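One structure is given here, and the rest of the page talks about it.
The model shown is predicted, which means the values in this text are computed figures rather than measured ones.
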Amino acid sequence: MIEVVYILMLLFNANTANPFFQFVRTLAEPLALFFPGLFNFANDNLDIIVNYGLAAVFWVVVAGVIARLVGP
């Protein structure tokens, strides 16, 4: 969820000097693991969507696997 919020804030041109934006960025960047910079496009917004989007999908898959292992 944090990755998605970060992507949306960047796409809607949120004020990067805002403390809430900085807080979300400090949470999102470590969660993105190795995905930022994995794909480089000419458009920065496309970079953000693809790289952080892949990180979000990765965490959804990881959460699903853990839920299946722990669940009944």
Side-chain angles (χ1 to χ4, degrees):
M1 184 68 168
I2 294 169
E3 298 294 331
V4 173
V5 171
Y6 183 60
I7 291 169
L8 291 174
M9 290 175 74
L10 287 171
L11 290 178
F12 291 118
N13 295 322
N15 180 5
T16 57
N18 183 288
F20 180 70
F21 177 86
Q22 292 174 358
F23 172 72
V24 171
R25 179 177 28 188
T26 60
L27 295 176
E29 287 178 350
L31 289 174
L33 301 173
F34 52 84
F35 290 103
L38 185 61
F39 296 103
N40 294 316
F41 299 101
N43 185 338
D44 290 338
N45 284 343
L46 187 59
D47 278 350
I48 292 165
I49 292 170
V50 171
N51 293 322
Y52 282 87
L54 283 173
V57 170
F58 170 79
W59 286 114
V60 167
V61 170
V62 168
V65 169
I66 292 172
R68 287 192 183 268
L69 293 174
V70 173

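Side-chain contact between F39 and N51 is present, with heavy atoms from C-beta onward closer than 4.5 Å.
With sequence neighbours left out, the side chain to side chain contact (heavy atoms under 4.5 Å, CB included) criterion links I66 to V62, V70. Remark: N43 pairs with N45, L46 by the side chain to side chain contact (heavy atoms under 4.5 Å, CB included) rule, at least two apart or across chains. Every residue meeting the side chain to side chain contact (heavy atoms under 4.5 Å, CB included) condition with E29, not counting sequence neighbours, appears here in chain and number order: Y6, R25, Y52. Listed by chain and number, the residues in a side chain to side chain contact (heavy atoms under 4.5 Å, CB included) with N13 amount to none (sequence neighbours excluded). Qualifying ring pair (Phe, Tyr, Trp, His ring centres under 6.0 Å) partners for F58, counting only residues two or more places apart in sequence or in other chains: F35.
Of the inter-residue distances, the one linking T16 atom OG1 with L10 atom CG reads 9.0 Å to the nearest 0.5 angstrom. Between D44 atom CG and I49 atom CD1 the span is 11.0 Å, to the nearest 0.5 Å. To the nearest 0.5 Å, the span separating CD on E3 from CG on L8 amounts to 11.5 Å. Once rounded to the nearest 0.5 Å, the distance linking CD1 of I7 with CD1 of I48 reads 8.5 Å.
Heavy atoms of other residues, nucleotides or ligands lying less than 6.0 angstrom from CZ of F20 number 12 at most.
Follow the hydrophobic side-chain contacts under 4.5 Å out from I2 and you reach L33 in the same cluster. W59 and L38 end up in the same hydrophobic cluster when Ile, Leu, Val, Met, Phe, Trp and Tyr side chains are linked at under 4.5 Å. One hydrophobic cluster, built from ILVMFWY side chains closer than 4.5 Å, holds both L11 and F21. One hydrophobic cluster holds both L31 and F23 under the rule that ILVMFWY side chains link at heavy-atom gaps under 4.5 Å.
Listed by chain and number, the hydrophobic cluster partners of V60 come to none, as no ILVMFWY side chain reaches under 4.5 Å of it.
Heavy atoms only, all atoms of each residue included: A55 and A32 are closest at CB-CA, 3.7 Å.
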